[in-house]
Amino acid sequence: MGKISACIFDLDGVVVDTAKYHYIAWKSLANELGFDFTEEDNERLKGVSRMRSLDILLEIGGVELDEQTKLELADKKNKNYVEYILKMTPDEILPGVKDFFNELKAKEIKIALGSASKNAMTILNQLELTDYFDAVVDGTHVSNAKPDPEVFLKGAELLGVSPSECVVFEDAEAGVEAAINGNMNCVGIGSPDVLGKANIVVPGFVGFSMTQLNF
Ligand code: BG6
Ligand code: MG
């Protein structure tokens with residue numbers, strides 16, 4: 001591996017576990033529409049955009065709706081979700097993440113966010129992590145969802161580093177593919193069964209260090 005100048009982090013499932021709040025909010029919507037939505041179903045929504053998530057949910061329930069109604073339902077789900085994330089505190093930062101950020105700062109390696117979420121800034125503020133980031137690219141800045149590399153390439157561009165000098169940290173398969181499509185290195189956070197295309201896969205950040213990045 002060549003020189004590493006920047007690390008680009010996915011947010012949901014990498015820095016914080018928001019999947020449980022997404023789950024509560026999607027399940028509540030599904031129940032209102034008259035069908036159930038399981039935690040296993042929720043796995044299919046990880047890394048997927050809000051509108052695509054709604055399409056998957058409606059497919060599970062066998063429900064067809066017009067575009068206007070879908071926009072209203074997505075908005076309703078988001079309002080419910082935001083109520084949960086506004087109660088989040090720095091205690092919810094996943095173990096080891098802050099130590100790793102501090103290591104990057106000490107080594108003068110830049111930190112960026114590359115997330116599909118339109119709520120990313122709210123979450124970073126709640127977690128009191130905003131100041132760590134040299135650049136933030138989220139769902140409000142991109143038009144192409146992962147596995148398109150747009151979100152990560154924009155991050156590299158904002159930082160002024162070339163893609164090959166970046167390492168992406170991702171918990172979703174589409175995110176790992178986005179990193180590869182952007183010619184970036186990738187660390188999978190989770191299970192090798194799902195994230196096998198990443199350069200390495202680790203269960204989380206506890207004990208993780210830049211010294212492990214000798215791909
Ligand atoms: C991703 C999550 O980071 O963001 C998805 O993994 C979520 O589950 C997507 O659907 C969009 O999030 P938001 O906050 O804009 O609804
Ligand atoms: Mg994720």
Side-chain angles (χ1 to χ4, degrees), residues 7-30 37-60 70-88 92-94 97 112-127 129 133 136-152 154-155 167-182 184 186-191 194-195 197-198 201-205:
C7 288
I8 308 182
F9 294 84
D10 175 47
L11 178 63
D12 297 306
V14 170
V15 173
V16 67
D17 174 23
T18 43
K20 56 190 177 206
Y21 304 129
H22 279 296
Y23 175 59
I24 297 169
W26 283 128
K27 187 180 167 67
S28 150
L29 184 69
F37 180 71
T38 65
E39 281 195 61
E40 200 186 333
D41 294 330
N42 196 53
E43 287 298 308
R44 292 177 59 189
L45 309 189
K46 286 188 178 170
V48 175
S49 75
R50 192 181 306 168
M51 290 313 290
R52 178 72 195 123
S53 296
L54 177 63
D55 281 337
I56 294 172
L57 180 118
L58 294 176
E59 194 185 293
I60 290 167
K70 286 207 262 183
L71 287 171
E72 285 165 18
L73 291 181
D75 191 48
K76 185 173 187 179
K77 177 268 170 181
N78 190 55
K79 288 202 169 100
N80 190 358
Y81 173 66
V82 168
E83 280 187 35
Y84 287 96
I85 60 174
L86 284 175
K87 290 184 198 135
M88 287 172 73
E92 290 184 57
I93 299 168
L94 287 172
V97 167
L113 192 83
S115 168
S117 173
K118 294 184 173 169
N119 296 299
M121 283 313 299
T122 307
I123 296 170
L124 290 184
N125 285 332
Q126 286 299 124
L127 300 178
L129 283 177
F133 287 86
V136 171
V137 185
D138 65 25
T140 66
H141 305 114
V142 293
S143 33
N144 301 298
K146 300 168 187 176
D148 189 286
E150 183 184 7
V151 69
F152 297 138
K154 275 204 168 158
V167 181
V168 167
F169 293 80
E170 257 293 347
D171 72 313
E173 190 181 10
V176 172
E177 285 169 1
I180 295 167
N181 291 337
M184 295 178 175
C186 186
V187 176
I189 305 292
S191 156
V194 186
L195 308 173
K197 291 180 195 151
V201 181
V202 294
F205 286 96

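Order of appearance sets the numbers: ligands from 1, and atoms from 1 within every ligand.
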Nearest heavy-atom neighbours spanning L195 and E173: CD2-N, 3.8 Å
Closest heavy-atom pair and its distance - A179, C186: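 Looking at all heavy atoms of both residues, the closest pair is CB-CB, 3.9 Å.
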Under 3.5 Å side-chain donor-acceptor pair for K46 and H22: no
Between N125 and T122, a side-chain donor and acceptor under 3.5 Å: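 Side chains of N125 and T122: no pair found under 3.5 Å.
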Check: F9 ring centre within less than 6.0 Å of F169 ring centre: yes
Could you find the nearest protein heavy atom to [atom] and give me its residue, atom name and distance?
atom: atom 16 (O) of ligand 1; answer: R50 NE, 2.8 Å
atom: atom 6 (O) of ligand 1; answer: G47 N, 2.7 Å
atom: atom 7 (C) of ligand 1; answer: V48 O, 3.1 Å
atom: atom 3 (O) of ligand 1; answer: D12 OD2, 2.6 Å

Atom of D12 nearest the Mg ion (ligand 2) (restricted to N/O/S, atom name only):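 Atom name of the closest N, O or S in D12: O.
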Closest approach to the Mg ion (ligand 2) by D10, given as the N, O or S atom name: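 Considering only N, O and S atoms, D10 comes nearest to the Mg ion (ligand 2) through OD2.
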Residues K154, E150: salt bridge by 4.0 Å N-O rule: yes
Charged N-O contact under 4.0 Å between D55 and K70: yes
Flag if over 12 foreign heavy atoms under 6.0 Å of NZ, K118: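 No, because the 6.0 Å sphere around NZ of K118 holds 12 heavy atoms or fewer from other groups.
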[X] N/O under 3.5 Å from ligand 1 N/O:
X: K77; answer: no
X: N119; answer: yes
X: K46; answer: no

The Mg ion (ligand 2) to nearest N/O/S of D171 less than 2.8 Å: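 Yes.
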Quick one: which ligand 1 atoms are inside 4.0 Å of a heavy atom on [X]?
X: L45; value: 5 (C), 8 (O)
X: S53; value: 10 (O)
X: K118; value: 13 (P), 14 (O), 15 (O)

Value rounded to 0.5 Å, distance of CG in L58 from CG in L73: 7.0 Å
Residue portion contacting ligand 1 (non-hydrogen atoms closer than 4.0 Å) for L11: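 It is neither part, as no heavy atom is under 4.0 Å.
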Which segment of S117 sits under 4.0 Å of ligand 1 when only heavy atoms are counted: both
Derivation and outcome, side chain to side chain contact (heavy atoms under 4.5 Å, CB included), residues L11 and N119: CA-CA 10 Å; L11 178 63; N119 296 299; over 6 Å; no
